[in-house]
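So you know, we letter chains A, B, ... as the sequences are listed, proteins then strands, and number each from 1.
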2 protein chains.
Amino acid sequence: MREFKKKARILLVDDNSEHLRGIKELITLETNYDIVGATTSANIGINLVKKYRPEIVIMDVNLPEKDGLQAIQEIEKLGLDTKILVLSGYDDPDLIFRAMKIGAKGYVLKTMSSAQLVYAIDEILAGKFYLPSALSSRFFDYFQQSFREENETSAEENLLTYLTSREEEVLELLTQGNNYKGIAGKLFISETTVKTHVNNIFQKLQVNDRTQAVLYALNNGFGKRVRAKISA
Amino acid sequence: MREFKKKARILLVDDNSEHLRGIKELITLETNYDIVGATTSANIGINLVKKYRPEIVIMDVNLPEKDGLQAIQEIEKLGLDTKILVLSGYDDPDLIFRAMKIGAKGYVLKTMSSAQLVYAIDEILAGKFYLPSALSSRFFDYFQQSFREENETSAEENLLTYLTSREEEVLELLTQGNNYKGIAGKLFISETTVKTHVNNIFQKLQVNDRTQAVLYALNNGFGKRVRAKISA
DNA sequence: TATGATTTAAATCTTTAGATTGATAAAATC
DNA sequence: GATTTTATCAATCTAAAGATTTAAATCATA
């Protein structure tokens, strides 16, 4: 399939040195792959990425010194277009979600078949993403769960709809941390007018102060922005 | 494969009546499916869901009166465990993302093969999610893009790390809209102590007032919550 | 044990925020 | 054309927020 293409340069990072050897042998059988490095250290791995600029990094997320997710972030920050395939012993949805969130191109379990690993590598090298069906389901379950509360509340009555367009402008400036003077200056109106608007906003949103108003705005999709219940 | 199982009840919603007939015929060929309804109206579709409680709804997202996404949300709100497969003429990442966000179990293009449609239906009936490889890539590109800004900023210096644990508690209560008195009461300390903490928080976060402090906290992953740049 | 960081607290002062009342003019709606 | 809504502004007042200084007790740790 890829026989005549340039060999893909691969870097392996896995804290288990036996497993590291296993993958290494397996990949060496594939004539299209060229292993440029294999290490049990996340930090060394990052340096090897800088040095050899592999097309793809196969990264274990259970590393001793530095956790794999952090290593992924640091590799992503290099801006080298290095594709990262996560190799993990856990099918924890949160772990899958976070890995994909920070830029991984795929996530496979250590229990997978060697054929599946090769398939995953090829898909990712072709510019696609790869998640096995079971992990994909876990990902989407978690993904949808994290938005469920939002979907429910967005259907309820949103007090923001009662605001006039001018009040929305004022609230927008409140959500940017402005005080009365700042808002008055930006809207070219007097401070007392701003106070009037702000007081009307409080009434309509049924809150007591600006902080609560800002929180209500952010939690209710103000300005087409929403808060996702997603752990960092 | 599913020959001996109970027939899956399917509802079709598509504004194009010709396309509706086409899918209907195609699905009727499958002995395992039972079409309980087919309509060009989103509102009628929702009522048919209530009436027949199909296992799966194949939903076009380009509907005239009510848009498909809204219809999906209303069906989800019924809490009937109805699985929804989106059928769309567009591979727009935002559309795919929003459909999956609000609970769709799959998304396929109208240009797909009939075999792929049947495969998608079977996967979803089996409790899985289904996105064709190309759409999956679009989804994840969009998904990662929406978190890119956050990933970048989270790597920068986060002033929140300078807060003491007590200051974090105070800030947490600030992000819930409490005033001095409320915080003092909840932490069983005096109001003046709270003022001291809050002032120290302002210094450390380099802000001037509580609203700005709250905004900084929310925008910098305070309390394992992050703000996703995702359009509603 | 000496040192620095944390948590607690009070006193004082200035500034800002918020509530309330009243008023005018333009714009939209009926 | 009358009425309601919206946007504007002022004045006044109270309450809350924020800045600053000082200080004592606790706690971790070098």
Quick one: does any side-chain atom of [X] pair with a main-chain N or O of [Y] as donor and acceptor, under 3.5 Å?
X	Y	value
B/Gln144	A/Met100	yes
B/Glu74	B/Asn43	no
A/Tyr216	A/Leu159	yes
B/Arg98	B/Leu69	no

Quick one: side chain to side chain donor-acceptor pair (under 3.5 Å) partners of [X], sequence neighbours excluded?
X	value
A/Asp91	A/Arg138
A/Asp141	none
B/Lys204	B/Glu167
A/Arg166	A/Glu169

Search all heavy atoms of [X] against all heavy atoms of [Y] and return the closest pair with its distance.
X	Y	result
B/Ser88	B/Leu95	OG-CD2, 4.0 Å
A/Leu174	B/Leu215	O-CD1, 4.2 Å
A/Thr82	A/Pro54	CG2-O, 3.5 Å
A/Ala213	A/Leu171	O-CD1, 4.1 Å
B/Val13	B/Gly45	CG2-CA, 4.2 Å

**OP:** Taking only the side-chain nitrogens and oxygens of B/Tyr180, find out if one of them lies under 4.0 Å from OP1 or OP2 of D/dG18.
**Re:**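 So the side-chain polar atoms of B/Tyr180 do come within 4.0 Å of the phosphate oxygens OP1 or OP2 of D/dG18, strictly under.
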Specify the separation, in whole Å, of atom [atom1] of [X] and atom [atom2] of [N].
X	N	atom1	atom2	answer
B/Asn179	C/dA17	CG	C1'	12 Å
B/Glu167	C/dT8	CD	C1'	12 Å
A/Glu169	D/dT8	CD	C1'	14 Å
B/Leu171	D/dG18	CG	P	13 Å

Subject >> Residue pairs, two or more places apart or on separate chains, that pass side-chain hydrogen bond (donor to acceptor under 3.5 Å, both in side chains) and touch residues 184-196 of chain A >> reply: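 side-chain hydrogen bond (donor to acceptor under 3.5 Å, both in side chains) check on residues 184-196 of chain A returns A/Asn178-A/Lys186, A/Ser190-A/Thr192, A/Ser190-A/Thr193.
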Original post:
Starting at the 5' end of DNA chain C and moving along, which residue's nearest nucleotide shows up first, B/Leu163 or A/Lys181?
Top reply: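 Looking at the nearest nucleotide for each, B/Leu163 comes out on the 5' side.
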Original post:
Does A/Arg210 come within less than 4.0 Å of B/Asp209, counting only side-chain N to carboxylate O?
Top reply: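 Not counted as a salt bridge, because no side-chain N and carboxylate O are separated by less than 4.0 Å.
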Original post:
Sequence neighbours excluded, which residues qualify as ring-ring contact (aromatic ring centres under 6.0 Å, His included) partners of B/Tyr107?
Top reply: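 B/Tyr107: no ring-ring contact (aromatic ring centres under 6.0 Å, His included) contacts found.
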Original post:
In residues 196-203 of chain B, which residues come under 4.0 Å of DNA chain C by heavy atom?
Top reply: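 B/Thr196, B/His197, in order of number.
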Original post:
Heavy-atom contacts under 4.0 Å between residues 182-195 of chain B and DNA chain C, which residues?
Top reply: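 Heavy-atom contacts with DNA chain C come from B/Ile189, B/Ser190, B/Thr192, B/Thr193.
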Original post:
Does any residue of residues 205-214 of chain B have a heavy atom under 4.0 Å from DNA chain D, and if so, which ones, in number order?
Top reply: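 Within residues 205-214 of chain B, the residues near DNA chain D are B/Asn208, B/Asp209, B/Arg210.
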So which protein N/O to nucleotides 3-5 of chain D N/O distances come out below 3.5 Å?
none

Original post:
Just one of B/Phe140, B/Phe139, B/Phe129, B/Phe147 clears the ring-ring contact (aromatic ring centres under 6.0 Å, His included) bar with A/Phe143, so which one?
Top reply: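 Result: among B/Phe140, B/Phe139, B/Phe129, B/Phe147, B/Phe139 is the only option passing the ring-ring contact (aromatic ring centres under 6.0 Å, His included) with A/Phe143.
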Original post:
Does the pair A/His197 and A/Ile189 meet the rule for a side-chain contact (heavy atoms from CB on, under 4.5 Å), with working shown?
Top reply: CA-CA 11 Å; A/His197 287 312; A/Ile189 55 179; 4.2 Å; yes
Subject >> Bend angle of the helix from C/dT1-D/dA30 to C/dC30-D/dG1, end axes from five pairs each (to 10°) >> reply: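 The angle separating the two end axes equals 60°.
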**OP:** Give the B/S/- string for nucleotides 25-30 of chain D, one per nucleotide from 5' to 3', where a protein heavy atom under 4.0 Å of the base yields B, of only the sugar-phosphate yields S, and otherwise -.
**Re:** ------
